[in-house]
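This report concerns only the one structure given below.
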Amino acid sequence: MQFYGTEISSRLLLGTAQYPSPKVLTDAIRACGTEIVTVSLRRESAGGSGDGFWQGLRDTGCHILPNTAGCHTAQEAVTTAQMARDVFGTNWIKLEVIGHSDTLQPDVFALVEAARVLAQDGFQVFPYTTDDLVVGLKLLDAGCELLMPWGAPIGSGQGLRNPDALRAMRAHFPDIPLIVDAGIGRPSDACLAMELGMDAVLLNTAVAKAGDPVGMAVAMTGAIKAGRAGFAADPMDPRDMAVPSTPILGMAELA
């Protein structure tokens, strides 16, 4: 699996917010084997988690994926991305442009606008988007090489609210990396995303707010591996009627 030419083995991307401590965060990162962690420039600039947070992330050796969390306009997101590139020294950016305060649903119009500007400026954009095919096409046309459709509102833990839409995206974009971002609450949600053919899952709250974040990180990794293996094995399609697994031929006839 490659994102913008970078080979990645782990199909779990992990957020870094809301953990009880920097140590719990780094323990979770190491336990689940993730290779990409997301960091909000705004959160850290506004108060941050101290030197322990940054040193811990550096020690894990993970790729840093800065994000534009909290931005509500294209210009705001572009400016934040440019600042993040200076701070983290990477062209990767998780692009978020929020259009609705309650659901944190992306403003897809501003998202496409910002993606186009950033791609032209040399950024490698990871766009947090809806599960809409047309929006996906517009983002790819703007220069994105992967898509990050939501499963449900950020932090809601509702799982995949529209599996059919994600299945349609997989069918429509067979060669484009698809990462489910937001809404994952349980390992079963992550497993289902992978069974639908998604390439990876990005989550934060489900691990950070679990009673045992490290244990949940491990569980999510196991679920993602199982779901991916299930998809690769080409599972059977659902049937409307029962189909016996034992043939009728050879059954005893009782007089």
Side-chain angles (χ1 to χ4, degrees), residues 1-8 10 13-17 34-48 53-54 57-58 60-101 104-150 154 169 172-173 175-182 198-202 204:
M1 182 177 63
Q2 292 190 357
F3 299 149
Y4 290 103
T6 298
E7 187 170 321
I8 302 295
S10 173
L13 286 68
L14 201 61
T16 58
T34 184
E35 297 170 60
I36 300 175
V37 293
T38 65
V39 179
S40 169
L41 174 66
R42 284 190 160 201
R43 186 184 74 248
E44 296 311 317
S45 297
F53 174 84
W54 292 114
L57 288 187
R58 284 192 290 268
T60 65
C62 289
H63 297 279
I64 301 296
L65 176 60
N67 66 52
T68 62
C71 294
H72 289 78
T73 68
Q75 183 57 58
E76 193 177 15
V78 168
T79 301
T80 301
Q82 291 168 340
M83 293 170 60
R85 179 163 61 182
D86 291 340
V87 171
F88 297 107
T90 178
N91 286 324
W92 279 13
I93 191 71
K94 180 190 171 189
L95 181 60
E96 299 181 28
V97 187
I98 301 303
H100 192 275
S101 298
L104 301 182
Q105 179 170 329
D107 179 340
V108 296
F109 303 100
L111 179 68
V112 172
E113 178 185 348
R116 190 178 304 280
V117 172
L118 291 172
Q120 291 174 350
D121 192 26
F123 281 90
Q124 297 170 327
V125 182
F126 293 63
Y128 165 61
T129 183
T130 60
D131 49 21
D132 186 286
L133 292 178
V134 176
V135 176
L137 287 169
K138 297 291 186 183
L139 287 167
L140 295 175
D141 182 65
C144 299
E145 295 183 12
L146 57 79
L147 300 172
M148 302 180 72
W150 69 345
I154 294 173
M169 291 193 78
H172 198 79
F173 304 117
D175 301 319
I176 300 298
L178 299 178
I179 305 170
V180 169
D181 178 16
M198 301 297 104
D199 293 283
V201 170
L202 193 160
N204 185 169

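Please read these numbers as outputs of a predicted model, since none were measured by experiment. The figures here come from the full heavy-atom set of this structure, side chains too, leaving out hydrogens, waters and symmetry mates.
In plain terms, the two heavy atoms of G122 and R85 that are nearest each other are C-NH1, 4.3 Å. For the pair E35 and E7, the tightest heavy-atom approach, listed with the atom from each and the gap, is OE1-O, 4.4 Å. Smallest separation of non-hydrogen atoms from P66 and A84: CB-CB, 3.7 Å. Closest approach of F173 to G136, counting heavy atoms only: CZ-C, 4.0 Å. Nearest heavy atom pair, residue C71 against residue E96, reads CB-O, 3.8 Å. Taking each heavy atom of L146 and V125 in turn, the nearest pair found is CD1-O, 4.1 Å.
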*Can you check side-chain contact (heavy atoms from CB on, under 4.5 Å) on L137 and H172, steps first, answer last?*
CA-CA 10 Å; L137 287 169; H172 198 79; 4.1 Å; yes

_Using the rule given for side-chain contact (heavy atoms from CB on, under 4.5 Å), can you reason through I154 versus Y128, listing the C-alpha separation, both sets of side-chain angles and the distance that settles it, and then say yes or no?_
CA-CA 10 Å; I154 294 173; Y128 165 61; 3.4 Å; yes

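In this structure, the side chains of P127 and L147 come closer than 4.5 Å at one or more pairs of heavy atoms. Q124 places none of its side-chain heavy atoms less than 4.5 Å from the side chain of T90. Counting heavy atoms from C-beta outward, V37 and T60 have side chains that stay 4.5 Å or more apart. In this structure, the side chains of L104 and W150 stay at 4.5 Å or more apart for every pair of heavy atoms. Looking at heavy atoms from C-beta onward, K94 lies out of side-chain contact with L13 at the 4.5 angstrom threshold. At least one side-chain heavy atom of I8 sits under 4.5 Å from a side-chain heavy atom of H63. Using a 4.5 Å heavy-atom cutoff, the side chains of T38 and N204 are not in contact.
The backbone N or O of V134 lies less than 3.5 Å from a partner atom in the side chain of D132, making a donor-acceptor pair. At least one donor-acceptor pair under 3.5 Å links the side chain of D199 to the backbone N or O of L178. Between the side chain of H72 and the main chain of G70, a donor-acceptor pair closer than 3.5 Å is present. With hydrogens and angles ignored, the 3.5 Å screen pairs no side-chain donor or acceptor of T79 with any backbone N or O of E76.
With rounding to the nearest 0.5 angstrom, the CG atom of N67 is 9.0 Å from the CG atom of L202. From M169, atom CE reaches atom CE of M198 across 7.5 Å, with rounding to the nearest 0.5 Å. In this structure, the separation between CD1 on I98 and NE2 on H100 is 11.5 Å, given to the nearest 0.5 Å. Distance check, rounded to the nearest 0.5 Å: OG1 of T130 to CG of L111 gives 8.5 Å. Between the CG atom of L95 and the OG1 atom of T80 there is a distance of 10.0 Å, given to the nearest 0.5 Å. Atoms CD1 and CG, on I179 and L65 in that order, are 8.0 Å from each other to the nearest 0.5 Å.
Between F126 and F3, the ring planes are perpendicular. Angles over 60° get that label, and only those under 30° would be called parallel.
For Y4, the OH atom counts as densely surrounded, since its 6.0 Å shell holds more than 12 non-hydrogen atoms of other residues, nucleotides or ligands.
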